[in-house]
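Some notes on the structure that comes next.
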Amino acid sequence: MTEDISVESHDGWRKILLNAPARLNAVNAPMLERLVAALTAAEADESCRAILLTGVGRGFCAGQELGPDVTPGPQGAPDLAALAGRYHHDVVRRIRASRLPVVCAVNGVAAGAGVGFALACDIVLAAKTARFVQAFVKIGLVPDSGTSTLLTQSVGAARARAMSMLGDAIDAETAAAWGMIWKAVEPDALMTEAEAMTAALAKGPTKALGAMKRIFDVAPFNDLHTQLALEATLQGEAGHGAEFAEGVRAFLEKRPPAFPR
Ligand code: T3D
């Protein structure tokens with residue numbers, strides 16, 4: 001049986017692939033457990049300094065697998081809230097809480113929880129052929145996997161609500177124009193560009209990048225004064241660290257920095 005989560009180790013970074021292409025990488029509970037495990041293992045590996053998340057085949061992730069997990073059985077309806085809260089949300093939390101930068105290469109359609117997984121990542125690239133679908137409404141569910149927050153933050157309330165209430169597919173170029181993702185690229189260039197970006201992040205100041213994630217995670221919710229205090233605390237830590245010392249030394253010596261591992 002093919003592994004539905006594949007992991008490739010590269011020099012300083014890992015690529016995690018959703019690998020159930022026949023169903024556009026729709027996820028189920030065991031697959032989500034393996035995804036969380038792969039994210040956790042990457043983080044536990046001291047030599048890993050960045051993660052790339054992508055999908056195999058023509059889809060990125062079609063959300064929850066509409067199969068046995070969600071088919072009402074003789075005992076009644078499945079506990080969807082428990083499923084989503086336990087599994088999908090663990091993925092979003094794991095990506096957001098990670099000390100590592102996570103790049104997402106959206107290779108094809110992202111639907112339902114798949115939208116949440118992509119938007120939880122730090123930098124999202126998408127093939128111009130990819131699309132984003134808040135599919136929940138089509139099966140009578142509400143947005144989950146953090147999409148109500150992540151979309152409202154990135155595209156604003158009007159677009160987040162319309163996307164979610166209508167379930168219309170948003171193409172990658174529109175997503176980029178709306179600020180939902182970083183960039184839409186030619187499909188043939190997606191993996192090369194995403195891999196190069198992840199490799200570059202892996203050579204970056206890992207501690208500072210981790211602290212940046214913390215700053216941006218709370219920025220939309222904090223007032224300016226709270227955020228200034230947090231920036232000062234984290235800058236204080238960065239300013240006393242080896243990464244800053246190397247960054248300044250490299251600048252003065254007119255060479256690229258070699259940030260410590
Ligand atoms: O349960 C809980 O925990 C609650 C939380 C849920 C979180 C969620 O994610 S809810 C949202 C679940 N996802 C969806 O509702 C999306 C369903 N899929 C679609 O709407 C469409 O497939 C897409 C818009 C994603 C793509 O459309 P298209 O035309 O490009 O492809 P297709 O022909 O519909 O799909 C290709 C195959 O993938 C097809 O299989 P087949 O006929 O070739 O054997 C299709 O059945 C399969 N597939 C697509 N999505 C899913 C799926 N199989 C199982 N589960 C899916 N979600």
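Position 1 is the first residue of the sequence; numbering continues from there. Counting starts at 1 for both ligands and their atoms, in listed order.
Polar contact check, R58 against ligand 1: a nitrogen or oxygen pair lies under 3.5 Å apart. Residue E65 has no N or O atom closer than 3.5 Å to an N or O atom of ligand 1.
Atom CD of E46 has 12 or fewer heavy atoms from other residues, nucleotides or ligands within 6.0 Å. The environment of D223 atom CG is dense: over 12 non-hydrogen atoms of other residues, nucleotides or ligands sit within 6.0 angstrom. Heavy-atom neighbours of K128 NZ from other residues, nucleotides or ligands within 6.0 Å: above the threshold of 12. Heavy atoms of other residues, nucleotides or ligands lying less than 6.0 angstrom from CZ of R23 number more than 12.
Taking 4.0 Å as the cut-off, K138 does not count as a neighbour of ligand 1 on heavy-atom distance.
The distance from ligand 1 to the heavy atoms of A135 drops below 4.0 Å at these ligand atoms: 14 (C), 15 (O), 16 (C). For ligand 1, the atoms closer than 4.0 angstrom to any heavy atom of A113 are 8 (C), 9 (O). Applying the 4.0 Å criterion to heavy atoms of L66 picks out, from ligand 1, the atoms 15 (O), 54 (C), 55 (N), 56 (C), 57 (N). Of all atoms in ligand 1, listed by their number and element, those nearer than 4.0 Å to a heavy atom of D144 are 5 (C), 6 (C), 7 (C). With ligand atoms numbered from 1 in the order given, ligand 1 contributes 9 (O) to contacts under 4.0 Å with heavy atoms of G63.
Under 4.0 Å from ligand 1, the heavy atoms of F136 that appear belong solely to its side chain. Contacts of R131 with ligand 1, taken as heavy-atom pairs under 4.0 Å, involve the side chain alone. Of all the heavy atoms of A22, the ones lying under 4.0 Å from any atom of ligand 1 belong exclusively to the backbone. Only the side chain of A26 comes within 4.0 Å of ligand 1, judged by heavy-atom distances.
Contact record, A127 with A172: O-CB, 3.1 Å, taken as the closest heavy-atom pair.
Salt bridge status for R255 with E246: present, with a side-chain N to carboxylate O gap under 4.0 Å.
The distance from atom CG of N19 to atom OG1 of T54, rounded to the nearest 0.5 Å, is 11.0 Å.
With I95 as reference, L53 is the one residue of L53, I51, V36 to meet the side-chain contact (heavy atoms from CB on, under 4.5 Å) rule.
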